[in-house]
Amino acid sequence: AIKVLHYKGCSTCKQALAWLKAQKVTFEAVDQVEEPPGVAELEGLWKASGLALKAFFNISGESYRKGNFKDRLPAMSEAAQLAALAADGKLIKRPILAVVDGTGAVQGVSVGFKQDEWAKLVVKR
């Protein structure tokens with residue numbers, strides 16, 4: 001299954017969802033601001049992505065600036081970073097594409113809309 005975490009007010013997210021529809025990909029879209037993912041889900045996405053946890057932060061967003069995360073992140077534990085992300089969906093970089101198998105295990109993740117990465121993840125399905 002394909003799951004996309006997005007924010008309905010984000011133009012990049014709208015572009016990504018339109019691209020998936022154009023590819024005739026069936027997916028579940030979840031508004032990460034209205035329904036922020038929990039710590040366990042975020043940790044699963046992060047570990048499956050192979051990226052640094054800081055890659056999941058929306059560094060150009062208001063929540064990031066107002067929370068002074070630029071200065072705070074280096075000293076924050078992974079648990080504190082995950083808790084901060086789970087507490088504010090606008091703090092999470094978007095969109096996030098996750099490929100999940102029948103058991104619920106995350107098989108692939110892409111953070112941000114990178115069409116070539118997304119194509120590799122959804123085409124192999």
Side-chain angles (χ1 to χ4, degrees):
I2 305 285
K3 182 175 183 178
V4 180
L5 296 176
H6 71 102
Y7 172 50
K8 63 185 172 194
C10 169
S11 60
T12 303
C13 294
K14 291 175 188 174
Q15 180 184 16
L17 296 178
W19 181 85
L20 284 173
K21 289 174 187 170
Q23 306 307 308
K24 298 184 178 9
V25 173
T26 302
F27 62 93
E28 174 191 6
V30 177
D31 188 314
Q32 68 192 45
V33 175
E34 292 178 8
E35 300 175 52
V39 169
E41 182 177 0
L42 285 164
E43 185 173 19
L45 292 169
W46 163 50
K47 295 206 168 161
S49 75
L51 299 170
L53 186 51
K54 68 182 179 180
F56 281 77
F57 282 82
N58 177 12
I59 62 171
S60 62
E62 185 177 334
S63 292
Y64 187 85
R65 289 189 305 273
K66 282 189 173 180
N68 197 28
F69 283 97
K70 181 179 180 184
D71 296 329
R72 292 176 47 211
L73 264 185
M76 290 175 75
S77 68
E78 290 172 351
Q81 290 179 50
L82 288 165
L85 289 166
D88 183 355
K90 287 190 175 181
L91 191 55
I92 303 168
K93 185 170 177 80
R94 57 189 180 252
I96 296 176
L97 175 86
V99 178
V100 183
D101 71 14
T103 68
V106 180
Q107 300 297 308
V109 175
S110 181
V111 179
F113 180 48
K114 300 173 193 99
Q115 189 172 314
D116 55 338
E117 277 185 26
W118 283 42
K120 287 178 190 167
L121 286 170
V122 299
V123 168
K124 62 180 189 178
R125 301 203 33 76

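Side-chain atoms are counted along with the backbone in the values below, which use heavy atoms only and exclude waters and symmetry mates.
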key: Candidate pair Gln81 and Phe56, rule side-chain contact (heavy atoms from CB on, under 4.5 Å), full reasoning   = CA-CA 10 Å; Gln81 290 179 50; Phe56 281 77; over 6 Å; no
task = Check whether any side-chain N or O of Gln32 sits under 3.5 Å from a backbone N or O of Arg94 as a donor-acceptor pair, and report yes or no.
result = no
query = From Lys114 NZ over to Leu97 CG, what is the distance, rounded to the nearest 0.5 angstrom?
reply = 10.5 Å
ask   = If you measure from CG on Leu121 to CG on Asp116, what distance do you get to the nearest 0.5 Å?
value = 10.0 Å
message = Quick check against the 3.5 Å criterion: does Arg72 have a side-chain atom that pairs as donor or acceptor with the backbone of Gly67?
response = yes
ask   = Between Trp19 and Trp118, what is the ring plane arrangement, given parallel below 30°, perpendicular above 60°, and tilted in between?
value = perpendicular
query = If you round to the nearest 0.5 Å, how far is CG of Leu17 from NZ of Lys8?
reply = 13.0 Å
query = Taking all atoms of both residues into account, what is the closest heavy-atom pair of Leu5 and Glu41, and its distance?
reply = CD2-OE2, 4.4 Å
task = Provide the closest heavy-atom pair for Ser60 versus Arg65 in the form atom of the first, atom of the second, distance.
result = O-NH1, 2.8 Å
task = Grab the two heavy atoms, one from Phe57 and one from Leu73, that are nearest each other, plus how far apart they are.
result = CZ-CD2, 3.5 Å
request  = To the nearest 0.5 Å, tell me how far Glu43 CD sits from Leu53 CG.
outcome  = 9.0 Å
inquiry  = Does Lys66 have more than 12 heavy atoms from other residues, nucleotides or ligands lying within 6.0 Å of its NZ?
reply    = no
task = Enter the distance from Leu85:CG to Trp46:CH2 here, rounded to the nearest 0.5 Å.
result = 10.5 Å
Criterion side-chain contact (heavy atoms from CB on, under 4.5 Å) on Glu34 and Tyr7, from CA distance to verdict = CA-CA 8 Å; Glu34 292 178 8; Tyr7 172 50; over 6 Å; no
note = Separation between OG (Ser63) and NZ (Lys90), nearest 0.5 Å, reads 7.0 Å
request  = Look only at the side chain of Gln23 and the backbone of Ala119, and say whether a donor-acceptor pair between them is shorter than 3.5 Å.
outcome  = no
key: Heavy-atom pair with the smallest gap, counting every atom of Leu42 and Ala86   = CD1-N, 3.5 Å
request  = Over all heavy atoms of both residues, which pair between Ala48 and Val106 is shortest? Give the atoms and the distance, please.
outcome  = CB-CG1, 3.5 Å
task = Mind running side-chain contact (heavy atoms from CB on, under 4.5 Å) on Leu91 and Phe69 for me, showing each step along the way?
result = CA-CA 10 Å; Leu91 191 55; Phe69 283 97; 3.6 Å; yes
ask   = Within the side chain of Gln107, is there an N or O that forms a donor-acceptor pair under 3.5 Å with the backbone of Val99?
value = no
message = Within the structure provided, determine whether Pro37 and Ile96 are in side-chain contact (heavy-atom separation under 4.5 Å).
response = no
message = Between Tyr64 and Ile59, is the side-chain contact (heavy atoms from CB on, under 4.5 Å) condition met? List the steps.
response = CA-CA 6 Å; Tyr64 187 85; Ile59 62 171; 3.6 Å; yes
Exercise: identify the closest heavy-atom pair between Ala16 and Pro95 = CB-CG, 3.8 Å
message = Please say yes or no: joined through hydrophobic side-chain contacts below 4.5 Å, possibly via intermediate residues, are Val33 and Val39 part of one cluster?
response = no
